[in-house]
Amino acid sequence: MPSDPSYEPLGGGRDLTHRDADWSGLQVAVVGLGVSGFAAADALLERGAHVRVLSEGTSPAMAERAQVLQMLGAEVVHGAALPPAPEPGTQLVVTSPGVPPTNTFLQGAAAAGIPVWGEVELAWRMRPREGAAPWLTVTGTNGKTTCVTMLESILRAAGLRATAAGNVGLPILEAVLHPEPYDVLAVELSTFQLHWSRSISAHASCCLNVAPDHLDWHGSYEEYRRMKGRVYEHTQVACVYNVQDPQTEQLVLDADVVEGARAIGFTLGVPARSMVGVVEDVLADRAFVAERATSAAELCQLSDLAPDPSADPPPHLVADALAAAALARSVDVPPAAVRDGLRAFTPQPHRTQPVGEVDGVRFVDDSKATNPPAAAASLAAYPHVVWIAGGQLKGAAVDDLVRANADRLRGVVLLGVDRAVIADALSRHAPQVPVEVLDSTDTGVMSEAVQAARAMAHPGDVVLLAPAAASKDMWSGYDVRGDDFAAAVRALGEGR
């Protein structure tokens, strides 16, 4: 293990690697009163730790959590700036994933030699000593939630007690400490969570893809990429990578894995040995079959994945299904359960979700496409698109996105704080495409955007909300942005 205070036994030589360890009397500072911060503080208090919770937030939900934790014995300080360093005597800091490593308090903890863990690291160390459910971990710039919820559906189809946890579904600590133990956990991990994790040793792990995102938090693309690669560290059985994204294979090669762990590729093409892929209209496994040199197992048909029966499943959905299938096969899930789980899977809201059709024009909500690579995957699924885009680009470039999709764009409607950046890229790489830029910063502008897009579209086209940008400049989240889009489409159909 590298030299890092996160690995060292805490005060009194405590080796806190399972739930039955001696957590009593431990002096812990928990940063954040979100869902993960609350779960961490609650779990530590239950085991007799002395917990001090610090949060700059003041929302009603946070105030309610603060009240509950105070009743349980925690000291809570919220609505105030974090101090420059933990109080003397603090033995451990547990931070919420959204707090960046540049935070002064966390830097002060590191300077004092105090370990800093995230909720995911704490959850790993609170597993039972014997019989703990294996973790199947997934990260990636795009597709994490889809892949993990597909995986959950497959595992359940196999008769396993399983749940999605981590960055989606249950908080990971709730899943680990659930009174009715799970057989296996499908764990979605963001780079924020991976940054604060050190000792996780997943049964199988996957990085779906890597493209620039959250550079404001990580400081550089190289650091962001390195954090994605952390998902493979200490993997026990299978490191699943994307054949179409060579960076993910390199991350596997760079990782320190358990002896005997295999590299398993997923591909939209015909799979080679030790891969899962597509043969004609069949998803096929050449990784987890005994005679993989000469044969493959049929997992499902492409038609089993189609959210819209009138169209083929988009490539990114097929890729996510292949990755989920590979992870499930690593815990001996039979092919029939892969098929049944994928048939039962319901896509998450706001992820290439059809929301209506008006005069032969289909409207699709992919508000969850909050960065250029996600928007690229969405655009690639349709031959003729009127694209609604814009919001917070977070420093990401859009030239490649526009250049690659110029031929499929019937028109573009732009809104949000970074609309001019996308408009400039369109003028350079798609000057023939009609563009309407909406300057209003009111959320009611979505109705105007839908009407403008409908005016550009021809029967058979798709009006696609795939913003390539975050939403917080105008909405409270991508989900609210998508809801407004769907409402505007309904209103258009009703003639209002």
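Values in this document were obtained by computation on a predicted structure and should not be read as measured data.
Salt-bridge check for Arg161 with Asp183: failed, with every basic side-chain N at 4.0 Å or more from each acidic carboxylate O. The existence of a salt bridge linking Asp366 and Arg351 is confirmed by a sub-4.0 Å separation between a basic side-chain nitrogen and an acidic carboxylate oxygen. Using a 4.0 Å cut-off between a side-chain N of Lys or Arg and a carboxylate O of Asp or Glu, Arg226 and Glu222 do not qualify as a salt bridge. A salt bridge does not link Arg230 to Glu233: none of the charged side-chain nitrogens sits closer than 4.0 Å to a carboxylate oxygen.
One finds the OG atom of Ser36 at 12.5 Å from the CH2 atom of Trp196 (value rounded to the nearest 0.5 Å). Atom NZ in Lys144 sits 10.5 Å away from atom CG in Asp320 (nearest 0.5 Å). Residue Met126 holds its CE atom at 4.0 Å from CH2 of Trp23, rounded to the nearest 0.5 Å.
Val176 has its side chain out of reach of Trp124: every pair of non-hydrogen atoms, C-beta onward, lies at least 4.5 Å apart. In this structure the side chain of Glu188 never reaches within 4.5 angstrom of the side chain of Thr137, judged on heavy atoms. The shortest side-chain heavy-atom distance between Thr352 and His316 falls under the 4.5 Å cut-off. Side chains of Arg362 and Pro354 form no contact here, defined as non-hydrogen atoms less than 4.5 Å apart. Using a 4.5 Å heavy-atom threshold, the side chains of His195 and Met227 count as touching. Residues Leu409 and Leu379 have side chains in contact (heavy-atom distance under 4.5 Å, counting atoms from C-beta outward). Taking the side chain as every heavy atom from C-beta outward, Tyr382 and Val364 approach each other to under 4.5 Å. At least one side-chain heavy atom of Leu283 sits less than 4.5 Å from a side-chain heavy atom of Leu302.
With sequence neighbours excluded, the residues satisfying side-chain contact (heavy atoms from CB on, under 4.5 Å) with Ser190 are Asn167, Phe192, Gln193. By the ring-ring contact (aromatic ring centres under 6.0 Å, His included) test, His18 is found to be paired with no residue, residues two or more places apart in sequence or in another chain being considered.
When all heavy atoms of Ser199 and Glu121 are compared, the closest pair comes out as OG-OE2, 2.6 Å. Considering all non-hydrogen atoms of both residues, Leu268 and Pro315 come closest at CD2-O, 3.8 Å. Taking all atoms of both residues into account, the shortest heavy-atom contact from Tyr232 to Val240 is OH-O, 2.8 Å. The minimum heavy-atom distance linking Ser153 with Gly341 is given by the pair OG-O, 2.6 Å. Between Thr235 and Ala261 the shortest heavy-atom distance is O-CB, 3.5 Å.
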Practice task
May I have the step-by-step check of side-chain contact (heavy atoms from CB on, under 4.5 Å) for Val257 and His234, ending in yes or no?
Solution key: CA-CA 4 Å; Val257 302; His234 318 308; over 6 Å; no

Exercise for the section: Starting from the C-alpha separation in whole Å, work towards a yes-or-no answer on side chain to side chain donor-acceptor pair (under 3.5 Å) for Thr191 and Lys228. Expected result: CA-CA 6 Å; Thr191 46; Lys228 285 296 183 196; 4.7 Å; no

Practice task
Go through the steps for Arg156 and Leu151 under the test side-chain contact (heavy atoms from CB on, under 4.5 Å), then give the verdict.
Solution key: CA-CA 9 Å; Arg156 289 180 174 179; Leu151 176 57; over 6 Å; no

Practice task
Determine, step by step, whether Val184 and Leu136 satisfy the side-chain contact (heavy atoms from CB on, under 4.5 Å) criterion, reporting the C-alpha distance in whole Å, the side-chain angles of both residues, the deciding distance to 0.1 Å, and the verdict.
Solution key: CA-CA 8 Å; Val184 61; Leu136 306 176; 3.9 Å; yes

Handout entry: Working for side-chain contact (heavy atoms from CB on, under 4.5 Å), residues Leu44 and Leu122
Key = CA-CA 9 Å; Leu44 288 161; Leu122 180 64; 4.2 Å; yes

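Ser274 and Arg286 form no side-chain donor-acceptor contact under 3.5 Å, judged by distance and modelled atom types alone. Defined by atom type and a distance below 3.5 Å, a donor-acceptor pair is missing between the side-chain atoms of Asn103 and Gln107. Defined by atom type and a distance below 3.5 Å, a donor-acceptor pair is present between the side-chain atoms of Gln244 and Thr267. For His350 and Asp479, the side-chain atoms include no donor-acceptor pair closer than 3.5 Å.
For the pair Arg329 and Phe288, the cation does not sit on the ring face, since its NZ or CZ is not both under 6.0 Å from the ring centre and inside 45° of the axis. Annotation: cation-pi geometry satisfied between Arg125 and Trp117 (NZ/CZ under 6.0 angstrom from ring centroid, within 45° of ring axis).
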